[in-house]
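Ligands are counted one by one from 1 in listed order, and the atoms in each one are counted from 1 as well.
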Amino acid sequence: MGLLQDLEERILIGDGAMGTLLYSYGIDRCFEELNVSKPEEIKRIHKAYVEAGADIVQTNTYGANFIKLSRYGLEDDTKRINQEAVRIARASSDGAYVLGTMGGIRTFNKNAYSLEEIKRSFREQLYLLLHEEPDGLLLETYYDLEEAREVLKIARKETELPIMLNVSMHEQGVLQDGTPLREALRSIAGLGADITGINCRLGPYHMIEALTEVPIFRDAYLSVYPNSSLPSLEGGRLVYDTDDAYFRESAIQFRTQGARIIGGCCGTTPNHIRAMADAVHGLSPVTDKEVKIRREEEVISVRDERTDPGLDEIAAQKRSIIVELDPPKKLNFGKFLQAAAELKETGIEALTLADNSLATPRISNAACGSLLKERLDIRSLVHITCRDRNIIGLQSHLMGLDTLGLTDILAITGDPSKIGDFPGATSVYDLTSFDLIRLIKQFNEGISLSGKPLGKKTNFSVAGAFNPNVRHLDKAVKRLEKKIECGADYFVSQPVYSEQQLIDIHHETKHLKTPVYIGIMPLTSSRNAEFIHHEIPGIKLSDSIREKMAQGGEDKRKQKAEGLAIAKSLLDTACELFNGIYLITPFLRSDLTSELAAYIKQKDEKRADVYLH
Ligand SMILES: Cc1cc2nc3c(=O)[nH]c(=O)nc-3n(C[C@H](O)[C@H](O)[C@H](O)COP(=O)(O)OP(=O)(O)OC[C@H]3O[C@@H](n4cnc5c(N)ncnc54)[C@H](O)[C@@H]3O)c2cc1C
Ligand SMILES: [Zn+2]
């Protein structure tokens, strides 16, 4: 009898975790490779599950695909690892069905691998498994519905063997893109999976609750493979609680919810499987159930009114000056506040607050922005890098900024940590700057990264970074276009040190509908000029600028005067071409940027005079 005919009659028991039982071989090693190096061990585990009552065993091939094996340099062994896996499972199955297992690749980050790469890797493993003639396929732990659908289409085309596809929920009843579980499973059944359900990430409680909202489909059986519990971290290892009695009770409830295959995922052991097999032994499958109607989706229409126009809106209409003032590296806040107050007097629109620029810790810019707002009524443009926070931290930070009323954000990748004070520090990069811009705009719709309602729509206006100091300006502009597609409202550029470059940038960006704040940073000394010329990638100062700065010698007043004269000359051109001016304060020298801001104001007033008379 085949698996599907058997399922018509009765509930079948799946096996439990493989990976968890192999932790003793080292948490960072490739468990699938053990099919080749320790086949007896894998056999022992399969046998233990069959003895415990599993009707179905899955091959130890969860990550035996090109993408995952290449993390261990084992991609050339894909064939052998998969071949051996089916043979081992068959040899230890004692008549239980053997399913060739393939695991999902994508987690929350769709960009980590392209769909094409995933499909190629999947196809290879699929053919290898099918060649060994398993009794069916198990596609499991799919967090990403798009990926699940795509690989299922491939598998369905290639084989008539039974296919089970299990997704993993982001949270109870919802996938990571916000799709309700019910819809996700329905769509999988619609693509021809014979069995569909859930596995991993959550334990029995949330899976039972989630299944109450899922009907018993006509065209596919339901499956459920819970984790044993939430894991805790002990001595660098994930440790799961085990409670067989709880699993016995849970199996009864899975049956009530219409599950036709009941197994276990991470943390489960043969004891859990035995408990569940005993619990449903001899009980007929449930074919009818009352489906809980999902509570109405929370409708979010609340949005705080914005009191100020966005910095993009201002620059679209008139001169707008923003000034970067880096949060202090030390806990003395006085000089920073004093500089901010001085700059405020010049009538600038906002201060921009870097996020640990040059990968060096500074006082949190959210704290600085909040203080500036409260004490000096200054608007802040808060930079956010993708370097220092994972997607949990980034979302928490965004919620915090909204709570503090800091609604202007510059979304950037961040300087590489190896240039900073802590060269060995890990860099997170869960998101790219494109993803971060998209995420912020999603917050403006009141929706978190996972598609969960935030209870309120945020009101962020988002800038992207623009680095024109590259060999191919057109490529940099293409990045801007992509950032606009992601939702960027305007751009803020790296400093520019040549009039011709200002003209070129204007020419290349004037088709964009979003304003550009062009960066101008006064030079402070000849050494500073030489450093920028030789050590900052992409920036080349003209000979005449370097000579002028060199003429200042060691005389601080002369240096200042030269630096300001050069910046003013650049501003003469920049102000003709761009409404948005971004002045960068070097080393908290707000005397320099204050003077430049005043210079622009004066020029603009003069120009208005000319225009009026
Ligand atoms: C206005 C401004 C403010 C900044 N503030 C901070 C800050 O507060 N904290 C901080 O740590 N860093 C800051 N940076 C530095 C910035 O994060 C780094 O320069 C980073 O390497 C580039 O990030 P991005 O967001 O500008 O570029 P992205 O467009 O996200 O670029 C990401 C990657 O692509 C590369 N790239 C960009 N353009 C091109 C191109 N044309 N061709 C090929 N490759 C390209 C970049 O080198 C980078 O590796 C700031 C930069 C700017 C312009
Ligand atoms: Zn799992």
Side-chain angles (χ1 to χ4, degrees), residues 15-21 31 58 62-63 101 103-104 140-143 166 168-169 198-203 207 225-229 231 238 240 263-268 322-327 352-362 364-365 368 381-389 409-421 425 427 429 431-437 462-483 486 488 490-496 508 516-521 536-539 580 582-584:
D15 56 2
M18 174 64 79
T20 316
L21 300 188
F31 297 138
Q58 48 174 306
Y62 171 75
T101 297
E140 68 166 359
T141 328
Y142 279 86
Y143 282 96
N166 293 333
S168 295
M169 292 183 282
I198 40 184
N199 81 299
C200 208
R201 194 168 127 66
L202 300 172
M207 288 201 173
Y225 284 74
N227 282 357
S228 68
S229 66
L238 292 175
Y240 294 86
C265 206
C266 298
T268 57
I322 58 177
V323 181
E324 178 162 328
L325 187 67
D326 280 348
T352 92
L353 306 178
D355 188 10
N356 304 325
S357 52
L358 301 176
T360 295
R362 292 168 181 275
S364 132
N365 58 5
C368 294
L381 170 60
V382 176
H383 304 196
I384 303 182
T385 70
C386 302
R387 180 195 58 222
D388 298 341
R389 297 174 195 86
I409 297 177
L410 171 63
I412 43 177
T413 303
D415 290 316
S417 59
K418 69 165 174 251
I419 68 168
D421 283 1
S427 299
Y429 302 133
L431 301 184
T432 64
S433 59
F434 300 123
D435 300 327
L436 179 57
I437 293 169
V462 193
F466 172 27
N467 181 9
N469 300 312
V470 287
R471 200 166 302 162
H472 303 289
L473 187 55
D474 56 334
K475 284 198 188 141
V477 174
K478 282 266 171 309
R479 289 183 77 80
L480 302 190
E481 287 165 1
K482 194 165 166 204
K483 286 179 183 178
C486 296
Y490 60 107
F491 297 103
V492 184
S493 94
Q494 295 276 29
V496 176
E508 291 291 325
V516 172
Y517 280 79
I518 199 78
I520 303 286
M521 178 160 82
I536 302 284
I539 303 187
Y582 165 53
L583 299 174
I584 302 153

Of the side chain and backbone of [X], name the one, both, or neither that has a heavy atom under 4.0 Å from an atom of ligand 1.
{"X": "Q494", "value": "both"}
{"X": "F434", "value": "neither"}
{"X": "N356", "value": "backbone"}
{"X": "E324", "value": "neither"}
{"X": "K478", "value": "neither"}
{"X": "T385", "value": "side chain"}

What are the two closest non-hydrogen atoms of [X] and [Y], and how far apart are they?
{"X": "T268", "Y": "A17", "value": "OG1-N, 3.0 Å"}
{"X": "L410", "Y": "A465", "value": "CD1-N, 3.8 Å"}
{"X": "D326", "Y": "R362", "value": "CB-NH1, 3.5 Å"}

Checklist entry - Heavy-atom contact under 4.0 Å between K483 and ligand 1? => result yes

Next on the checklist: With the threshold set at under 4.0 angstrom, would you say D355 reaches ligand 1 through any of its heavy atoms?
Outcome noted: yes

Checklist entry - Is there at least one pair of N or O atoms, one from S433 and one from ligand 1, spaced under 3.5 Å apart? => result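 Between S433 and ligand 1 (N or O atoms, distance only) the closest approach is under 3.5 Å.
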
Item to check | Close N or O approach (G414, ligand 1; < 3.5 Å) | outcome: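 Indeed, backbone or side chain, G414 has an N or O that close.
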
Looking at [X] and [Y], would you say the former's side chain and the latter's main chain have a donor-acceptor pair under 3.5 Å?
{"X": "N199", "Y": "T141", "answer": "yes"}
{"X": "N227", "Y": "C266", "answer": "yes"}
{"X": "S357", "Y": "A354", "answer": "no"}
{"X": "R201", "Y": "S168", "answer": "no"}
{"X": "N356", "Y": "P361", "answer": "no"}

Among all the protein's heavy atoms, is there at least one whose distance to [atom] comes out below 4.0 Å?
{"atom": "atom 18 (C) of ligand 1", "value": "yes"}
{"atom": "atom 7 (C) of ligand 1", "value": "yes"}
{"atom": "atom 13 (C) of ligand 1", "value": "yes"}
{"atom": "atom 30 (O) of ligand 1", "value": "yes"}
{"atom": "atom 26 (O) of ligand 1", "value": "yes"}

Checklist entry - For the Zn ion (ligand 2), how many protein N, O or S atoms lie at less than 2.8 Å? => result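 There are 3 of them.
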
Atom indices of ligand 1 within 4.0 angstrom of [X] heavy atoms, with elements:
{"X": "Y582", "answer": "1 (C)"}
{"X": "V492", "answer": "1 (C), 53 (C)"}
{"X": "A465", "answer": "24 (P), 25 (O), 26 (O), 52 (C), 53 (C)"}
{"X": "A354", "answer": "8 (O)"}
{"X": "A476", "answer": "41 (N)"}

Do [X] and [Y] have side chains that approach each other closer than 4.5 Å (heavy atoms only, starting at C-beta)?
{"X": "P495", "Y": "I520", "result": "no"}
{"X": "Y429", "Y": "T413", "result": "yes"}
{"X": "P468", "Y": "Q494", "result": "yes"}
{"X": "I419", "Y": "L358", "result": "yes"}

Next on the checklist: So, using salt bridge (Lys or Arg N to Asp or Glu O under 4.0 Å) as the criterion, who are the partners of D15 when residues are at least two apart?
Outcome noted: none

Item to check | salt bridge (Lys or Arg N to Asp or Glu O under 4.0 Å) involving R389 - partner list, sequence neighbours excluded | outcome: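 With sequence neighbours excluded, R389 shows a salt bridge (Lys or Arg N to Asp or Glu O under 4.0 Å) to D355, given in chain and number order.
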
Next on the checklist: According to ring pair (Phe, Tyr, Trp, His ring centres under 6.0 Å), who are the partners of Y490, at least two apart in sequence or on a separate chain?
Outcome noted: Y517

Item to check | Axial cation check for F434 ring with K482, 6.0 Å and 45° limits | outcome: yes

Checklist entry - Identify the closest protein heavy atom to atom 40 (C) of ligand 1: which residue and atom is it, and at what distance? => result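 Nearest protein contact, heavy atoms only, for atom 40 (C) of ligand 1 is R479 CD, 3.9 Å.
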
